[in-house]
Amino acid sequence: MITLQNFIGGKMCPPQRGRYLDNYEPAKGQIYGQLPDSDASDVEAAIAAAQKAAPAWGKLSTQERSRYLMKVSERIQERLEELAQAESRDNGKPVKLARSVDIPRARDNFAFFATAILHQEDAFHAMGEHGFNYTLRQPLGTVACISPWNLPLYLFTWKICPALAAGNAVVAKPSEVSPYTAYLLGEICQEVGFPAGVLNIVHGRGSKVGEALVKHTAIKAISFTGGTQTGARIAELAAPQFKKLSLELGGKNPNLIFADCDLERAISVSARASFANQGQICLCGSRILIEASIYEEFKKGFLEKVAQLTVGPPHQEEVQMGALVSAAHRDKVLQYIDLARQEGGTVLCGGHALPQPAPYDQGYYLAPTVIEDLPQACRTNSEEIFGPVVTLQPFSSEEEALAKANATEYGLAATVFTQDVNRAHRVAAHLQSGIVWINDWLVRDLRTPFGGMKNSGVGREGGFEALHFFTEAKNVCLTVS
Ligand code: NAD
């Protein structure tokens, strides 16, 4: 049994009330560890440690802060294989994916923001011979970062790195469903001599730890990634204190396939965009909209591609889809498949659990599922499922494709497959989503703004936008008399 601890003031600390939650291994459906069931008293201790550390950290030169962050990045690289194995065990994702995407990205998040601050230019506004303005970007003090379970260390570090690089102390709460690599990050901070109290990690439930953090008057900004309903709750709690909020929420992303596309590419990228990480990426395309003239051809090729996907225990190197993250989440996805049937959908493949041989027979495996014959205006095509389930819908014109694509409350990401460059730009401009990929998916340049429109979020992460979020801008005006 692996027992995790909170990381507060540079030390591993048991939860003050001594309570723990079970941690499950999705591949086996068994408890394999425990994590602190922390509460407001642990949050209070973490905030006190952060408050103590924040002034000195904020006053370090950018070069010194950069060096500390680079040391963490380098140590993540040294422990990459161990972190990848831990992420896969904790989350159910294929170890190959954790090794090639999740952990390298956590390493790169540290390196990216460590070096971004070395290249940052501050604003200067001249007023001719009358004087000038310059903008100071000062750290906020102590901030909170709250992250979800689907890309555990990847998204956890995507938030804390800009917060730290901008000179803030952080109290961070990873998901209670996948806490292991955040715990290991605390160990890494100890190993590299990261200043005590600058990064604090408190484990536990959203309703206790998350809410205590959000409500605390010492927390000046909250960077949150998770579900839209949770985001609404956080906004409600934070609003009376006028805290800065960055909310990265759910999605129901359209994937538009035009008849003039490179069909082979559209099929293979769509299969990845549908089922990577078992469909548990906020950017996964869950509604595939296909021009009617190539609907049958796309469907045939796509189903052939999906049939080749290997589902199985995530530590096996050849596996492309591992286990879903929890029994509760697997059941939620299965309920959505039932709903799709009730709504008149035809399940073309999958639609059921996929039991594995012992000792994985209690694991949370689902077959990749493709459904057609559903109108846009139904729950299956409107609500976020966040699993290996996609629907196919035909369209007859660009206008109809756009209308269907934009017909949900979400607006996170979209993918467009066409070889007509004019169409690509036209459609991209009209899509109601914060991110559009043309003929590709999940290509990430960390300098670009990342986030969603409508109920997919508020604000943007990435590059200098993230660094700006974690600072207070102060204009200093000097006139020449
Ligand atoms: P969730 O909202 O249940 O939990 C996210 C985090 O918030 C967890 O750490 C949780 O403990 C905490 N939390 C829960 N209730 C809270 C509360 N009342 N106050 C404060 N914190 C609270 O989400 P999840 O199930 O972990 O993740 C899946 C969701 O995340 C999906 O909707 C997915 O689309 C979304 N997501 C969005 C992005 C993005 O960039 N937009 C990225 C990944 C995941």
Side-chain angles (χ1 to χ4, degrees), residues 21 35-40 43 90-91 93 101-102 105 109 144-160 171-179 182 201-216 219 222-239 243 245-253 276-286 324-326 328-330 332-333 336 383-387 408-413 433-435 442 444 448-462 465-466:
L21 299 167
L35 67 143
D37 182 11
S38 311
D39 65 15
V43 169
D90 205 32
N91 173 278
K93 68 175 66 213
V101 176
D102 292 73
R105 180 54 194 281
N109 287 339
C145 298
I146 303 177
S147 58
W149 50 256
N150 64 323
L151 300 168
L153 194 62
Y154 173 131
L155 288 176
F156 190 64
T157 53
W158 181 232
K159 306 188 157 303
I160 63 178
V171 180
K173 193 201 100 56
S175 169
E176 63 274 36
V177 183
S178 57
I201 301 169
V202 184
H203 295 276
R205 297 174 219 251
S207 54
K208 287 208 275 184
V209 176
E211 294 216 1
L213 261 176
V214 170
K215 286 181 196 161
H216 203 290
I219 296 292
I222 300 152
S223 174
F224 168 80
T225 298
T228 295
Q229 270 189 328
T230 316
R233 173 75 182 144
I234 289 174
E236 185 189 337
L237 292 172
K243 295 186 184 205
L245 277 185
S246 167
L247 303 174
E248 299 294 340
L249 310 175
K252 189 73 184 174
N253 307 314
N277 206 37
Q278 300 74 251
Q280 302 167 133
I281 301 180
C282 55
L283 304 166
C284 278
S286 52
L324 271 69
V325 78
S326 67
H329 188 57
R330 176 206 51 199
K332 179 190 140 182
V333 175
Y336 267 109
E383 297 176 16
E384 186 184 44
I385 301 175
F386 213 56
T408 74
E409 67 182 40
Y410 295 108
L412 186 55
S433 62
I435 300 153
L442 202 59
R444 293 284 295 117
T448 59
F450 179 91
M453 294 181 179
K454 304 198 280 190
N455 288 1
S456 289
V458 177
R460 294 292 181 271
E461 297 186 312
E465 303 236 13

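One-based numbering, in listed order, for ligands and for the atoms of each. Note that the numbering runs from 1 along the sequence shown for the chain.
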With a 3.5 Å distance limit and no angle check, can you tell me whether Ser246 reaches the backbone of Ser223 through a side-chain donor-acceptor pair?
no
Treating Lys243 as the side-chain partner and Ile222 as the backbone partner, does any N or O pair qualify as donor plus acceptor under 3.5 Å?
no
Taking atom CD as the centre, does Gln229 end up with more than 12 heavy-atom neighbours from other residues, nucleotides or ligands that are less than 6.0 angstrom away?
no
Going through the checks in order, is the side chain to side chain donor-acceptor pair (under 3.5 Å) test met by Ser147 and Lys159?
CA-CA 8 Å; Ser147 58; Lys159 306 188 157 303; over 6 Å; no
Between ligand 1 and the protein, tabulate every N or O atom pair separated by less than 3.5 Å, reporting distance only.
unit_1	atom_1	unit_2	atom_2	d
ligand 1	2 (O)	Gly227	N	2.8
ligand 1	2 (O)	Thr230	OG1	2.6
ligand 1	9 (O)	Ser147	O	2.8
ligand 1	9 (O)	Lys173	NZ	3.2
ligand 1	11 (O)	Lys173	NZ	2.9
ligand 1	11 (O)	Glu176	OE1	2.7
ligand 1	11 (O)	Gly206	N	3.3
ligand 1	18 (N)	Glu211	OE2	2.8
ligand 1	23 (O)	Gly227	N	3.4
ligand 1	25 (O)	Trp149	NE1	2.9
ligand 1	26 (O)	Trp149	NE1	3.3
ligand 1	30 (O)	Gly226	O	3.3
ligand 1	32 (O)	Glu384	OE1	2.6
ligand 1	34 (O)	Glu384	OE2	2.5
ligand 1	41 (N)	Leu249	N	3.3
ligand 1	41 (N)	Leu249	O	2.7

Validation row: Asn253, Ser433 side chains within 4.5 angstrom (heavy atoms)
no
All heavy atoms of Glu176 vs all of Arg205, minimum pair found to be OE2-CA, 3.8 Å
